[in-house]
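The first residue of the sequence shown is numbered 1, and numbering continues consecutively from there.
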Amino acid sequence: MNIQDEKYLRLLAEKYPTRQSVCREIINLNAILNLPKGTEHFMSDLHGEYEAFYHILNNCSGVIREKVKLLFGDTLTDRERQEICTLIYYPREKLDMLKKDGCLSQEWYRMTLNQLIEIAKLLSSKYTRSKVRKAMPDDFAYIIDELLHVQKDEDDNQVLYHQKIIDTILEINNADEFIIALAGLIKQLAVDHLHIVGDIFDRGPYADKILDLLHKYHSLDIEWGNHDILWMGAAAGSEACIANVIRNNLKHQNTEILESGYGISLRSLTLFAVNTYPDLPPMEAARKAISVIMFKLEGAILEAHPDYDMSDRRLLHRIDAERGTVEIGRTEYELTDSFFPTLDRENPYCLSESEQEVIDELKTSFLNSVRLQKHIRFLYEKGSMYRIYNENLLYHGCIPMDDTGNFEGVQIEGRIYQGKAYLDFADMTARRAYRRRERKDLDFMWYLWSGRKSPLCGRNIKAFERAFVRDESAWAEETNPYYRYYEEEKTCNMILREFGLYTPMSHIINGHTPVRTEEGEQPCRAGGKLLVIDGGFCQDYHKTTGIAGYTLIYNSHGLRIKAHQPFESVYHALRDNKDIESDSKLIETENARVMVRDTDDGKHILEYISDLENLLQNVYSAH
């Protein structure tokens, strides 16, 4: 052994001071390796749709409903099973509603507690007793542990013990809190780990509430989306990202998240806007004002970074306000609006004094919003540009490609990046931007949001055309060749190999582009190697996609795509036991059940067992 190995073994010996303690841990870890892998839950493109997200998080994409049917399909009616499910999803609210309706009785409590215990028993069967105990709320851990492990014996002593516990809970009026605790445990056991494959922010109104919910979740990771990186850039102090955030939220009439959610006032912007554009309603004026500011800021970034290769997106100096036209490429287009009083024809990308004051005040608000900064730090802590997890590759947008289907070389600051190296560079720069707030890194945050070769964007954004050009043919946004080639299995295999994934179990799990089921698109592509799980959580997409979102479940038996119908409201879920209707499609069944030893955790456990065996051999062998 070398010196480092000796030091490590000495440290390990402090944790396991006797030969028997090492043996006990090896036995325990080997047992864990032979348990089924926990269920992974994948969601993408939440876009601020808090109620739909909260419900799917609560029902675990239908997993809980399936378990309830498995246990009680022959003994309870559909309505009775729906009642149990709703109680698990929203225990406190459902209990309050049943109490007001006079539906609660000792008999109801006794029956419900026994049913919830049976569900918890079933879900806990794939975990160690220690892990289940850690998932229990502290106040009820001992009692729940006893109830989950009741065994029949000759004289039914333990069954009587079980009944006495239930009797006591009812006698001291503690049943409501116990039901709430059991419901929380059931939901935690139903999903071992959650993956959010990007785009928590924008469009829908309550991304802040989603982040509050995720902050409490027991085990998750996040792959950043283009809308997430935009807010991250804004929170780091990028003026161009701030302008885009404000414009997006004005466009989707979501100013509540800014003003109420994060305490970012739009008053100075609105006052400036109504004075500058007096003929427009206040919110339209504000949107036009921030749009002009945004195009100026973006133009200045593109001038400072010729390596972004996007000079054609600088259009303000091509406006002819007198004729009401703009020249794009070699074509002249008519503008819908040619009133730009803050545009200096000699220096069109320079903010006016008033515009600078507005953006400075907004920047101060973003930097000093305590709640926003807390949420953004959470995104950095749990998030990354991509993730490799249990042999699957997760990322939100794309791996930029050229027209031949090879990885596109992207030149940044004199170096060329492509494939995995490009995403690693982007991840490193995004973290440095928030930590140091240097101009070049903040500019790159904007590029990640809307750059032509950004791995999070994947298309040529035409924001100016969509805002001011009358001819809609100029609005078309070309997508990266990735979105043509990712239909091919060989392309997906090339991407997986680039990230060191070679096994038949490996898949790409992708978000970002809504699956248009109405047009015949399917989430499963490239012979099952790629799964696109943005089915349109956002209400704006429901007409386009025909559904309200895809999610993915990966358990020890295989992969299943869940297609969800629109969610009405939490109120309807409580009053009418309305669940989200979901169609389940089996994507892949494993030949042999996937066990913990087959997972990333299993690999770490095997390494640890090897270390413990070395400890036995080199330290305790004489004993």
On the six-membered ring of [Y], is [X] placed so that its NZ or CZ lies under 6.0 angstrom from the centre and within 45° of the ring axis?
X	Y	result
Lys453	Tyr422	no
Arg314	Tyr349	yes
Lys363	Phe366	no

query: Should Tyr333 and Trp475 be marked as a ring-ring contact (aromatic ring centres under 6.0 Å, His included) after you check the CA-CA gap, both sets of side-chain angles, and the distance that decides it?
result: CA-CA 11 Å; Tyr333 292 95; Trp475 298 7; over 10 Å; no
field: Residue from Leu46, Leu230, Asn244 passing side-chain contact (heavy atoms from CB on, under 4.5 Å) with Asp202
entry: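 Only one of Leu46, Leu230, Asn244 forms a side-chain contact (heavy atoms from CB on, under 4.5 Å) with Asp202, namely Leu230.
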When you look at [atom1] of [X], are more than 12 heavy atoms from neighbouring residues, nucleotides or ligands closer to it than 6.0 Å?
X	atom1	value
Lys251	NZ	no
Arg345	CZ	no
Arg92	CZ	no
Glu498	CD	yes
Arg466	CZ	yes

message: Assess, by modelled atom type and distance only, whether the side chains of Tyr386 and Asp424 contain a donor and an acceptor separated by less than 3.5 Å.
response: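 There is such a pair between these side chains.
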- request: Examine the side chains of Asn460 and Glu478 and answer whether a donor and an acceptor come within less than 3.5 Å of each other.
  value: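 Yes, Glu478 and Asn460 have a side-chain donor paired with an acceptor closer than 3.5 Å.
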Student check: side-chain heavy atoms of Arg431 and Met232 closer than 4.5 Å: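 Counting from C-beta outward, Arg431 and Met232 never come under 4.5 Å.
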- request: Give a yes or no on whether the backbone of Asp309 and the side-chain of Arg452 come within a donor-acceptor separation of less than 3.5 Å.
  value: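 The answer is yes, because a donor-acceptor pair under 3.5 Å joins these two groups.
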- request: Give a yes or no on whether the backbone of Cys350 and the side-chain of Lys296 come within a donor-acceptor separation of less than 3.5 Å.
  value: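 Side chain of Lys296 to backbone of Cys350, a donor-acceptor pair under 3.5 Å: yes, one is there.
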- request: On the 0 to 90° scale, with breaks at 30° and 60°, tag the His195-Phe42 ring pair as parallel, tilted or perpendicular.
  value: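 Geometry flag for Phe42 against His195: parallel rings.
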- prompt: What is the ring orientation for Tyr262 with Phe201, classed by angle as parallel under 30°, tilted 30 to 60°, or perpendicular over 60°?
  reply: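 Correct class here is tilted.
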Which pair of heavy atoms, one from [X] and one from [Y], lies closest together, and at what distance?
X	Y	answer
Ile242	Leu362	CG2-CB, 4.0 Å
Ala235	Ile376	CB-CG1, 3.5 Å
Arg247	Ala467	NH2-CB, 3.5 Å

- request: Take Asp212 and Arg371 through the side-chain contact (heavy atoms from CB on, under 4.5 Å) test and state the conclusion after the steps.
  value: CA-CA 10 Å; Asp212 283 339; Arg371 187 161 180 247; 2.4 Å; yes
query: In Å and rounded to the nearest 0.5 Å, what is the OG to CG distance from Ser454 to Asn226?
result: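 Here the rounded value is 7.5 Å.
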field: Gap separating the OH atom of Tyr447 from the CD1 atom of Ile229, nearest 0.5 angstrom
entry: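 Tyr447 atom OH to Ile229 atom CD1 measures 13.5 Å (nearest 0.5 Å).
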